[in-house]
Amino acid sequence: MRLAILADIHGNADALNAVLRDARQQGAGRLIVNGDVVNRGPDSVQVLQTLLDRDDVTFTLGNHDDLLRLWHARSDVLPPEWFPDPFWGATAWSADQLDGAGLLHVPAAWPMTLTLREPGLPLVQVAHGTADHYRESLSDRTPAERVQALRRAPDGEQYGVLIASHIHRPVDAVIDGTWVLNTGSVGSPATGDPRAQYLLLDATPQGWQVTPRAVPYDRSGVLARFASSGLLGMGLSAEIFRQEVVTARSLYTPYWAWTEQEGLPRTQATWDAFLGTLNARAAG
């Protein structure tokens, strides 16, 4: 059976619908949704409900799926200073939207990993980040010794293929004999290419076969819904998330790291200053 593995939809219904149409046209008989279904974009409720209404979907847990539940519960896992900070207004808004729809706690049942077994083929692990943590990045830059640790299965076997998401860019690399793949992002790619990214996976007599897909879609609808839904008025982070859809570049993470390094608050003024540093770097 042909599998479609997709992730990092981030509340972008138009991107998801484009991928679902493409996966059907490509003959995918099963979907694995590898985390981060919700948050960032304006359509978290619609995206999650669309997937739950299908009978061919298996989920793994992503950090944003879990974050909204933790946020709503005011969990002590999160820094207490986040809750009154207006920067986090978009997260609070998304958590409230899911809670109002009765969907906030659905991801609590999702596993951290899935294992795919086919006779005669290498064992495959699917995880949003890694089996150790959904926020750990797995990519072509992961050190060989870390891959060696991650490929050890609990039962003493070894995974021949590790499939991750989280970093919002596709990866296809062999590290110390282990095939490391990343799905890229459906709803918010960080590659400069705005097309919705996912993977097709086939079991063949010759081995696993992977086909990366990049699906064009009209972004005008989701960009407009940032404003019409009320999300864009919920704080700076919503503006940053919208700009990531516009540019298909990672902005939130480097902005966060820059403010941490400089000891600065996350405000419109520091965001403008950060953009100024990016523009200056690009110009020269």
Side-chain angles (χ1 to χ4, degrees), residues 6-23 33 35-51 62-65 67-68 71 86-98 100-101 103 165-170 183-198 213-256 266-279 282:
L6 52 142
D8 294 290
I9 304 161
H10 284 299
N12 184 339
D14 297 340
L16 173 63
N17 290 335
V19 164
L20 294 178
R21 286 193 298 270
D22 189 74
V33 177
D36 279 9
V37 174
V38 297
N39 204 20
R40 290 182 175 245
D43 308 322
S44 289
V45 170
Q46 181 181 346
V47 162
L48 182 51
Q49 192 62 64
T50 294
L51 292 169
N63 53 294
H64 281 265
D65 309 315
L67 171 62
L68 296 188
W71 182 277
F87 180 79
W88 290 92
T91 298
W93 183 89
S94 292
D96 287 345
Q97 294 290 308
L98 282 179
L103 298 174
S165 303
H166 186 58
I167 62 173
H168 293 212
R169 68 177 180 90
T183 60
S185 170
V186 170
S188 187
T191 59
D193 182 347
R195 294 178 296 173
Q197 305 156 354
Y198 76 103
R213 300 290 297 169
V215 185
Y217 71 100
D218 183 356
R219 289 176 290 162
S220 62
V222 67
L223 292 173
R225 289 194 300 279
F226 269 89
S228 64
S229 67
L231 174 58
L232 197 57
M234 297 309 298
L236 176 59
S237 55
E239 178 184 337
I240 298 172
F241 296 148
R242 187 181 186 279
Q243 283 302 309
E244 288 189 324
V245 177
V246 170
T247 63
R249 293 290 185 189
S250 175
L251 298 171
Y252 180 91
T253 298
Y255 170 66
W256 182 281
R266 295 173 190 99
T267 63
Q268 187 66 50
T270 61
W271 170 243
D272 292 341
F274 173 74
L275 292 179
T277 67
L278 293 184
N279 293 335

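Contact of the I9 side chain with the V19 side chain is not registered, since no non-hydrogen atoms from C-beta on lie closer than 4.5 Å. Side-chain atoms of R249 and Q243, non-hydrogen and from C-beta on, never get closer than 4.5 Å to each other. Residues N63 and H166 form a side-chain contact, since some pair of their non-hydrogen atoms from C-beta on lies under 4.5 Å apart. Residues V47 and N12 have side chains not in contact (no heavy-atom distance under 4.5 Å, counting atoms from C-beta outward). A 4.5 Å side-chain heavy-atom check between W271 and E239 finds at least one atom pair inside the cut-off. Using a 4.5 Å heavy-atom cutoff, the side chains of D8 and V37 are not in contact. V38 is listed as a side-chain neighbour of L68, based on a closest heavy-atom distance under 4.5 Å. Counting heavy atoms from C-beta outward, Q197 and P189 have side chains that approach closer than 4.5 Å.
Checked by atom type and distance alone, the side chain of D36 pairs as donor or acceptor with a backbone atom of H64 at under 3.5 Å. One N or O on the side chain of S44 and one on the backbone of N39 form a donor-acceptor pair closer than 3.5 Å. Not a single donor-acceptor pair under 3.5 Å links the side chain of S165 to the backbone N or O of A7.
In this structure, S188 and S185 approach most closely via the heavy-atom pair N-OG, 2.9 Å. Nearest heavy atom pair, residue Y217 against residue P194, reads CE2-O, 3.6 Å. The two atoms that bring F226 and P42 nearest to each other are CE1-CD, 3.7 Å, heavy atoms only. Here the closest non-hydrogen pair linking A90 and F241 is CB-CE1, 4.3 Å.
Inspection of the T270 and Y255 side chains reveals an N or O donor paired with an N or O acceptor under 3.5 Å. Counted by atom type alone, D22 and Y198 present one or more donor-acceptor pairs between their side chains at under 3.5 Å. Side chain to side chain, D193 and T191 fail the donor-acceptor criterion of an N or O pair below 3.5 Å.
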inquiry  = Pair V215, R195 - check side-chain contact (heavy atoms from CB on, under 4.5 Å), show working.
reply    = CA-CA 5 Å; V215 185; R195 294 178 296 173; 5.6 Å; no

inquiry  = Could you walk me through whether D14 and R219 satisfy the salt bridge (Lys or Arg N to Asp or Glu O under 4.0 Å) test, starting with their C-alpha distance in whole Å, then the side-chain angles of each, then the deciding distance to 0.1 Å, before giving a yes or no?
reply    = CA-CA 7 Å; D14 297 340; R219 289 176 290 162; over 6 Å; no

ask   = Does the pair T253 and S250 meet the rule for a side-chain contact (heavy atoms from CB on, under 4.5 Å), with working shown?
value = CA-CA 6 Å; T253 298; S250 175; 3.9 Å; yes

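One finds the CG atom of L48 at 8.0 Å from the CG atom of D65 (value rounded to the nearest 0.5 Å). Atom NE2 of H10 is separated from atom NE2 of H168 by 3.0 Å, given to the nearest 0.5 angstrom. The CH2 atom of W93 sits 5.0 Å away from atom CG of L231, with the distance rounded to the nearest 0.5 Å. Going from atom CD of Q46 over to atom CG of L51 covers 10.5 Å, rounded to the nearest 0.5 Å.
Judged by a 6.0 Å distance limit and a 45° cone about the ring axis, R40 is positioned over the six-membered ring of Y252.
In this structure, W256 has its ring center under 6.0 Å from that of W88.
For R225 and D43, the salt-bridge test passes: some basic side-chain N is under 4.0 Å from an acidic carboxylate O.
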